[in-house]
Amino acid sequence: EKIPKQEKIDSKSDTILIGDDFKGFEYQLSKCCNPIPGDKVFGFITIGEGIKIHRFNCPNAVHLMSKMAYRCIKAKWKSDKMIERVAAIKIVGIDQLGLVNKLTDIISKQENVNMKSITFETEDGVFEGRLKVMVYDTVHLDQLTRKFEAVEGVQRVMRWDTEEDQQ
């Protein structure tokens, strides 16, 4: 019986094409930064868990790239394989009557966006909304973000992707 040969990874020249099998090595999208197609990403060769794909602006990226650069590998998205992924958005602003309706209305009118979860909290006239939506890529997410930013009362819209926030 032949054991499938796993090629050695050369982190200087190899590039993971996300969407393809990479030389028999498994890779997974990292939970700490939840990358989606369009994000600038890199692979980190773990011990025992294959390759983890991180965003360049991941909270852990600076540590990984500076202290363990020899275990980092180039990665990019294979563009023709469109798969919906979860993106989390935090919206902060001044609480106003009908604001939640305006935000959910934007999502329902946005083509190819499905909402997974939504929570809103208000304290002293300031609201914080957290949404999880299914999007195809960063272009898709940016369109949605801009529409949220245009709503009166909304002050900040940002991605929130830290692991502890999503548990």
Exercise. Under the side-chain hydrogen bond (donor to acceptor under 3.5 Å, both in side chains) test, which residues partner His54, sequence neighbours left out?
Worked result: Ser30
Exercise. If you measure from CZ on Arg71 to CD1 on Ile45, what distance do you get to the nearest 0.5 Å?
Worked result: 8.0 Å
Exercise. Under a 4.5 Å cut-off applied to non-hydrogen side-chain atoms, are Leu144 and Ile89 in contact?
Worked result: yes
Problem set entry | Check: Met115 and Lys132 side chains under 4.5 Å, non-hydrogen atoms | no
Problem set entry | Minimum heavy-atom distance Gly43-Ile53, with the two atoms named | CA-CD1, 4.1 Å
Problem set entry | Nearest heavy atoms of Ala87 and Val135, plus distance in Å | CB-CG2, 3.8 Å
For this session: Following the transitive rule for hydrophobic clusters with a side-chain heavy-atom cut-off under 4.5 Å over Ile, Leu, Val, Met, Phe, Trp and Tyr, establish whether Phe42 and Tyr70 coincide in one cluster.
Result: yes
Problem set entry | Hydrophobic cluster (4.5 angstrom, side-chain heavy atoms) - remaining members for Val92 | Val126, Met158
Exercise. Listed by chain and number, what are the side-chain contact (heavy atoms from CB on, under 4.5 Å) partners of Asp142, not counting sequence neighbours?
Worked result: Arg146
Seminar exercise, completed: In terms of heavy-atom contacts, Gly38 and Thr138 come closest through CA-OG1, 3.3 Å
Going by atom type alone, with no hydrogens or angles, which donor-acceptor pairs under 3.5 Å involve a side-chain atom of residues 56-66 and a protein atom two or more places apart or on another chain?
residue, atom, partner, partner atom, Å
Asn57, OD1, Arg55, NE, 2.9
Asn57, OD1, Arg55, NH2, 3.4
Ser66, OG, Val62, O, 2.8
Ser66, OG, His63, O, 3.4

Exercise. Of all heavy-atom pairs between Val41 and Pro35, which one has the smallest distance, and what is that distance?
Worked result: CG1-CB, 3.8 Å
Exercise. Of all residues at least two apart in sequence or in a different chain, which pass the ring-ring contact (aromatic ring centres under 6.0 Å, His included) check with Phe148?
Worked result: none
Exercise. What pairs of residues pass the side chain to side chain donor-acceptor pair (under 3.5 Å) test when at least one of them lies in residues 35-50, not counting sequence neighbours?
Worked result: Asp39-Arg159, Glu49-Lys52
Side chains of residues 99-107: which donor-acceptor partners sit under 3.5 Å, not counting sequence neighbours?
residue, atom, partner, partner atom, Å
Thr104, OG1, Val100, O, 3.1
Thr104, OG1, Asn101, O, 3.1
Asp105, OD2, Lys109, NZ, 2.9

Exercise. Can you pull the ring-ring contact (aromatic ring centres under 6.0 Å, His included) pairs that have at least one residue in residues 99-133, sequence neighbours excluded?
Worked result: Phe120-Phe127
Problem set entry | For Glu128, all residues meeting side-chain hydrogen bond (donor to acceptor under 3.5 Å, both in side chains), sequence neighbours excluded | Arg130
For this session: Please identify each residue that fulfils ring-ring contact (aromatic ring centres under 6.0 Å, His included) with Phe44, with sequence neighbours left out.
Result: none
Problem set entry | 4.5 Å side-chain heavy-atom contact, Ile51 and Glu26 | no
Exercise. Are Leu131 and Ile91 close enough that some pair of their side-chain heavy atoms sits under 4.5 Å apart?
Worked result: yes
For this session: Name all pairs fulfilling the salt bridge (Lys or Arg N to Asp or Glu O under 4.0 Å) condition that reach into residues 61-70, sequence neighbours left out, sorted by first residue then second.
Result: none
For this session: Please name all residues satisfying side-chain contact (heavy atoms from CB on, under 4.5 Å) with Met134, sequence neighbours left out, ordered by chain then number.
Result: Glu84, Val86, Asn114, Lys116
